[in-house]
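Position 1 is the first residue of the sequence; numbering continues from there.
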Amino acid sequence: MNQRLQRWTAWAGGPRVLAVVVAVQLIAVVGFALKPVAVVALLCAVFGALVVLERPILGVGLLITARLFSTGATVFLRVGRTGIGPFEPVLLLCLMALIYHAAVNSTQLWRRWPWREPLLGLIVWTGLSLLWSENPKDGLSELLPLFVVLANVMVILAFVREWAQFRLMLWFWVGATVGVGVLTLLLDAAGISTTDVVFKAAAGGGRETGLGQQPNWFAMHMMFIIHTAFGMALIERNRLVRMVLVVAGFFVFVMMLKSGSRGGAYATLIGGVLVAMAHPLFRKWFLRFLMIGAFIIAIGIVFDVGDTAKAFSRIVSNLSLRQNYRQLNWLTCVQMFIDTGGLGIGAGGYEDLLPHYNNYLAQSLYTYPHGIPWEMIAHYGVVGVGLLVWLVMSVVRMARELIMMTRGTEAEVFAWTMPAAMVGYFAWSWVEFTLSEKPMWEFLALYTALYLIVRRLVDEGRALPAWSFDDGNEGRQ
């Protein structure tokens, strides 16, 4: 009997394997009848795990995509103040793949990168500050995202090790950003609301919130890839692909403008000026961008194409910082710094202490420092500010070295465009955002991966694809 079963089921690996397969199929059928969404999610998770284990670089691409798509509209579970969306499961899969490849293929888990020590210092100091925090529970919500940042950096640096892999990740970033914009437009056209929250900044209408995000946060998500999308077009040899990248760059730019965010527009402009200073060819492309951008804004304002008039008018007609809540928060941050003798109030507790400093602000919606430097001053004092300066200077030194190493290669374009976005964000971060905001850290990690790739190629005597900054042929060889 046993031999007969072996013969009949040899094609399936034997009776035991066949029994397991049949049982799994029966469970799937019953589960789909009862909870179809849960079964589909489980099957997607299993498939994703297999893909990530087999091709971890695709897992990094999924990580970037999920990070950009993780907004208020895509959160499906909340644990306290922390939302769980598509990003967290993908990060877990990537960490599992990292551990697996470290054990099986000796993939290096803990690489050295130029700004590693200041980042670790910020995490340690944030954790220590819980000891004197007014609200340690609230402080944990500031500490945990920094561990997520560290995990993301480890995954990106572990698996993005080749020039082709770096280029692939840029395509993932462009595709995900365009995808967010397209999905936003489709949902707007269908009249489907993506959030139960009505942001005061968008309450007057005309400002895009992009999958349940506050308008400034939506603009920030769009802004990061704009310069680099045009940089990718600059070195692309296929004319059709090049046009696709140019269209994608302008589409993301317009979606960013639809948020009505002055900070996003100025950050993009600041980054563009930085790139334009690098070379005459960059200046030529930047002038083209300015002319087409100005034309798009004018058409949007005059004809209100796609309900853009109010958002575009907000950007071009109000160049001053009129909201006094920012300045009041900054004065409060400085006073907290002074009252704690330069130690800072610790992680969390800002809203708890705010009534003692400014009851008007405490009764408003604007109960956070409004700017990363001000956050460091209020919460983490002299040590926190010092660690932030150390991190920024480490990135600046890395950028300067990368520009020197990539002269005459295709990588030189990204050695300029990626820091351009980060410089724009840094200027913007004086009036908005918090330390652990996404996707700044993922963008910086990808830029750092480029630095480590180039550093290794230089040490090994290998060359990147050559690049000639010749106006006559637009730089292509």
Side-chain angles (χ1 to χ4, degrees), residues 41-70 74 77 79 82-124 126-127 143-173 175-176 391 394-395 398 418 436-457 459-460:
L42 178 61
L43 292 175
C44 290
V46 172
F47 177 76
L50 294 175
V51 170
V52 170
L53 287 174
E54 182 66 25
R55 296 288 302 276
I57 190 62
L58 296 181
V60 178
L62 290 174
L63 182 75
I64 291 171
T65 302
R67 192 65 158 161
L68 292 170
F69 269 91
S70 290
T74 58
L77 177 66
V79 180
T82 303
I84 306 297
F87 163 72
E88 286 75 16
V90 175
L91 175 60
L92 182 60
L93 289 177
C94 288
L95 289 175
M96 290 169 55
L98 182 57
I99 295 171
Y100 170 80
H101 283 277
V104 176
N105 301 323
S106 301
T107 301
Q108 187 178 356
L109 287 173
W110 187 243
R111 301 186 71 185
R112 186 174 186 85
W113 66 91
W115 45 276
R116 186 181 69 174
E117 284 72 22
L119 175 61
L120 292 176
L122 285 169
I123 294 174
V124 171
T126 301
L143 176 62
L144 293 179
L146 292 177
F147 282 104
V148 173
V149 166
L150 182 61
N152 288 344
V153 173
M154 289 176 60
V155 168
I156 291 172
L157 296 185
F159 293 127
V160 183
R161 292 174 173 264
E162 301 294 338
W163 170 245
Q165 293 174 335
F166 169 78
R167 292 286 304 274
L168 179 62
M169 292 304 100
L170 292 183
W171 275 105
F172 266 101
W173 201 299
L391 188 147
S394 298
V395 174
M398 177 179 70
M418 294 184 77
S436 58
E437 296 290 358
K438 66 180 182 71
M440 166 60 197
W441 292 101
E442 290 75 18
F443 197 77
L444 175 57
L446 193 56
Y447 177 70
T448 306
L450 173 63
Y451 169 82
L452 295 177
I453 291 167
V454 173
R455 176 81 274 169
R456 191 187 75 249
L457 293 178
D459 293 341
E460 294 175 356

Colleague: Quick one: closest heavy-atom pair of W163 and L450, and the distance?
Modeller: CZ3-CD1, 3.7 Å
Colleague: Please report the shortest heavy-atom distance between L391 and L122, naming the atom on each side.
Modeller: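 Looking at all heavy atoms of both residues, the shortest contact is CD1-CD1, 3.9 Å.
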Colleague: Is the closest side-chain heavy-atom distance between L98 and P56 below 4.5 Å?
Modeller: no
Colleague: Side chain to side chain contact (heavy atoms under 4.5 Å, CB included), that's the test. Do L444 and M398 meet it? Break it down for me.
Modeller: CA-CA 11 Å; L444 175 57; M398 177 179 70; 4.2 Å; yes
Colleague: Nearest 0.5 Å please: distance from the CZ atom of R116 over to the CE atom of M154.
Modeller: 10.0 Å
Colleague: Only counting residues at least two apart or in another chain, list the ones meeting salt bridge (charged side-chain N to carboxylate O under 4.0 Å, His left out) with E437.
Modeller: none
Colleague: Apply side chain to side chain contact (heavy atoms under 4.5 Å, CB included) to L95 and list each qualifying residue two or more places apart in sequence or on a separate chain.
Modeller: L91, A151, V155
Colleague: Look up atom CD1 in I156 and atom OG1 in T448, then write down how far apart they are to the nearest 0.5 Å.
Modeller: 9.0 Å
Colleague: Minimum heavy-atom separation for F172 to L62, with atom names?
Modeller: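 Heavy atoms of F172 and L62 come nearest at CE2-N, 4.2 Å.
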Colleague: Aromatic ring centroids of W173 and F443 under 6.0 Å?
Modeller: yes
Colleague: Please find the pair of heavy atoms, one from L157 and one from A445, that lie closest to each other, and give the distance.
Modeller: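 For L157 and A445, the tightest heavy-atom pair comes out as CD2-O, 3.5 Å.
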Colleague: Can you tell me how far apart OG (S436) and CG (L150) are? Round to the nearest 0.5 Å.
Modeller: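 Rounded to the nearest 0.5 Å, the OG-CG separation comes out at 13.0 Å.
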Colleague: For R111, enumerate each residue passing the salt bridge (charged side-chain N to carboxylate O under 4.0 Å, His left out) test, keeping only those at least two apart in sequence or located in another chain.
Modeller: none
Colleague: Does L170 reach the side chain of L446, with side-chain heavy atoms less than 4.5 Å apart?
Modeller: yes
Colleague: Mind listing the closest non-hydrogen atom pair of Q165 and F159 along with its distance?
Modeller: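 Shortest heavy-atom separation between Q165 and F159 comes out as OE1-O, 3.1 Å.
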Colleague: Find out whether L452 and V160 are in side-chain contact, i.e. whether some heavy atom of one side chain is under 4.5 Å from a heavy atom of the other.
Modeller: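 L452 vs V160: side chains apart.
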Colleague: Can you see which heavy atom on M169 is nearest to which on G61, and at what distance?
Modeller: SD-N, 3.6 Å
Colleague: Is the closest basic N to carboxylate O distance between R112 and E117 below 4.0 Å?
Modeller: yes
Colleague: For a 4.5 angstrom cut-off between non-hydrogen side-chain atoms, does E162 reach L168?
Modeller: no
Colleague: Between CG of L63 and CD of E442, what distance do you get to the nearest 0.5 Å?
Modeller: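 Result: 7.0 Å between the selected atoms.
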